[in-house]
S.K.: 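I have a structure here, written as structure tokens, and I will follow up with some questions on it.
In this text, all values refer to a predicted model and were calculated from it rather than measured experimentally. So that the names make sense, note that chain A is the first sequence line, chain B the second, and so on, each numbered from 1.
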Number of protein chains: 2
Amino acid sequence: MSTRATTRPGGRSARVQQSVHQAVRELEAELGRDALTVPLIAARAGVTPSTVYRRWGDLRELLSDVAVERLRPDTPPADHGSLRADLEAWTVQFAEEMSSTAGRTYIRDALVGDPEQGNAARCSDYAAEQLKALGVRAAGRGEAVPDVETLLDVVVAPLMYRILFRPSDLSAAYTDHLVATALGRTAPLSPPKS
Amino acid sequence: MSTRATTRPGGRSARVQQSVHQAVRELEAELGRDALTVPLIAARAGVTPSTVYRRWGDLRELLSDVAVERLRPDTPPADHGSLRADLEAWTVQFAEEMSSTAGRTYIRDALVGDPEQGNAARCSDYAAEQLKALGVRAAGRGEAVPDVETLLDVVVAPLMYRILFRPSDLSAAYTDHLVATALGRTAPLSPPKS
DNA sequence: CCGCCAGACGCAACTTCTTCGCGTTAAGCT
DNA sequence: AGCTTAACGCGAAGAAGTTGCGTCTGGCGG
């Protein structure tokens, strides 16, 4: 967990955390996220509400923790033989996952639930790790690889900005444009809108 | 307001909205944002809590509306004689305001309070308007101006991404780097962290 | 200018959530 | 195995959120 220092990671505490997280996922699937309440989750998890309040503080922090887990990539990025192909595929998948209704909700939950922003930083670390893996693989092929910081600035940040602040358009042409820019503007496509 | 269609913009409704917004600002300054509750705000505004709930739905949406108002730029960007100087000054000010504790709180409130994301879009529109004004002025001087979309991608998005997801570093060197990149990489400064 | 209509508000009762103190359980450690 | 203490369960008290109904007022047509 992130919002509190877990001093006792084993035994009952771990079981409680797991059952509560599972209860959140189940109830979210059954009733929708807006219907979630702490007493409801606690009942499903077989726990008293006060336990949830004491461990997580409030519903937002709990949802933030669960959201970060769901945003964690489960597999390393696919290998398509070249940095460009790998980065394009990763960007498309990233954009699709994050711009979906569920993805946007998870991002916003992760962002807002943690006062210390540790969960938000974790989201960024996930993307950085994936990009790092792409870079290492490309370097192994002898390709020149852009800095991870640069990729975050040029690819991830614009995508996230649009997802969070401009719910309108995330076309494939736009993601292609971002990747092309990141790889040294080999494709001179101008920004899509104007 | 954004979250509901205001069918009666005049008279009592307008007074209620104004007094509620003012109560939020006052109580936030006096007690801190975490101490705000709907009954408290309603009492200060001279209104019953049910009125607030009916008009705004819940505390988050109300805070979202207030946050957007506070994020609205009150003055057009200052004129420093050249696009580069204007953009640098604007970016520095933008970064300072948005990365402050209060600024981050307003951004997150604006982001999360409105299910339709209309308030988030408004934030982006504010930045776009400012950048547009810069561009128009530069064009009047005969300067070549980058597209507003490009500026959002290259300057605003990376700043916002760092503010939201990476609470660590927002150095002056970094903002300079972003502006230089936007204006055709006249300054070959590499990203700060690498 | 007057009266009608409808949206918005106040009030109050009700439900649900949230907090807190206290006793109990069980992990971790020696 | 015994001790210490963080973590949990329970229950009560307080606060927040919800809803129905009557009243008020701004907007609109006559």
S.K.: Treating A:R108 as the side-chain partner and B:L111 as the backbone partner, does any N or O pair qualify as donor plus acceptor under 3.5 Å?
M.R.: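 Confirmed, A:R108 side chain pairs with B:L111 backbone.
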S.K.: At less than 3.5 Å, do the side-chain atoms of B:R54 and the base atoms of D:dG17 form a donor-acceptor pair?
M.R.: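 Checked by distance alone, the answer is no.
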S.K.: Salt-bridge test for A:R141 and A:D86: reply yes if a basic N is under 4.0 Å from a carboxylate O, no otherwise.
M.R.: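 The answer is yes: the pair qualifies as a salt bridge.
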S.K.: In whole angstroms, how far is the P atom of D:dT19 from the CG atom of B:D58?
M.R.: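 Those two atoms, CG and P, are 13 Å apart.
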S.K.: Which listed nucleotide (D:dG26, D:dG17, D:dA7) is nearest to the side chain of B:R12?
M.R.: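 Given the options D:dG26, D:dG17, D:dA7, the side chain of B:R12 is closest to D:dG26.
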S.K.: What is the distance from CD of A:Q17 to C1' of C:dA26, rounded to the nearest Å?
M.R.: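 From A:Q17 CD to C:dA26 C1': 18 Å.
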S.K.: Can you figure out which of D:dG9, D:dG17, D:dG20 approaches the side chain of B:P39 most closely?
M.R.: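 My answer, after comparing the listed nucleotides, is D:dG17.
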S.K.: Per the atom types in the model, does the base of C:dC9 pair as donor or acceptor with the side chain of B:S13 at under 3.5 Å?
M.R.: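 There is none.
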S.K.: Indicate, yes or no, whether a donor-acceptor pair under 3.5 Å links the base of D:dG26 to the side chain of B:R15.
M.R.: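 Answer is no: no donor-acceptor pair is held.
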S.K.: For B:G46 and A:L40, find the nucleotide of DNA chain C closest to each by heavy atoms; which residue's nucleotide sits nearer the 5' end?
M.R.: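 Mapping each residue to its closest nucleotide by heavy atoms, the 5'-most match is B:G46.
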S.K.: Under 4.0 Å, counting only non-hydrogen atoms across every strand here, what does A:S50 touch: a base, just sugar-phosphate, or nothing?
M.R.: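 Here A:S50 touches the bases of the nucleic acid.
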S.K.: Provide, to the nearest angstrom, the distance between the CH2 atom belonging to A:W56 and the P atom belonging to D:dA7.
M.R.: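 Atom-to-atom, A:W56 to D:dA7, this comes out as 12 Å.
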S.K.: Quick one: pull up CZ in B:R33 and CG in B:L27 and give me the separation to the nearest 0.5 Å.
M.R.: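 Interatomic distance, B:R33 CZ to B:L27 CG, rounded to 0.5 Å: 13.5 Å.
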S.K.: Return yes if some donor-acceptor pair links the side-chain N/O of A:R72 with the main-chain N/O of A:Y126 below 3.5 Å, else return no.
M.R.: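 Judged by distance alone, no pair lies under 3.5 Å.
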S.K.: Counting side-chain heavy atoms from CB outward, which of D:dT18, D:dC8, D:dT19 is closest to A:R55?
M.R.: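 Comparing D:dT18, D:dC8, D:dT19 against the side chain of A:R55, the answer is D:dC8.
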S.K.: Can you tell me how far P of D:dG17 sits from CG of A:L59, to the nearest Å?
M.R.: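 Checked: the CG to P distance equals 13 Å.
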S.K.: Could you state the atom-to-atom distance from OH of B:Y53 to P of D:dT19 in whole Å?
M.R.: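 After rounding, the reported distance stands at 12 Å.
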S.K.: Considering only NZ, NE, NH1 and NH2 on the basic side and carboxylate oxygens on the acidic side, decide whether A:R70 and A:E97 come within less than 4.0 Å.
M.R.: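 Salt bridge: no.
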S.K.: Toward the 5' end of DNA chain C, which comes first, B:T48 or A:T37, by nearest nucleotide?
M.R.: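 Going by which nucleotide is closer to the 5' end, it is B:T48.
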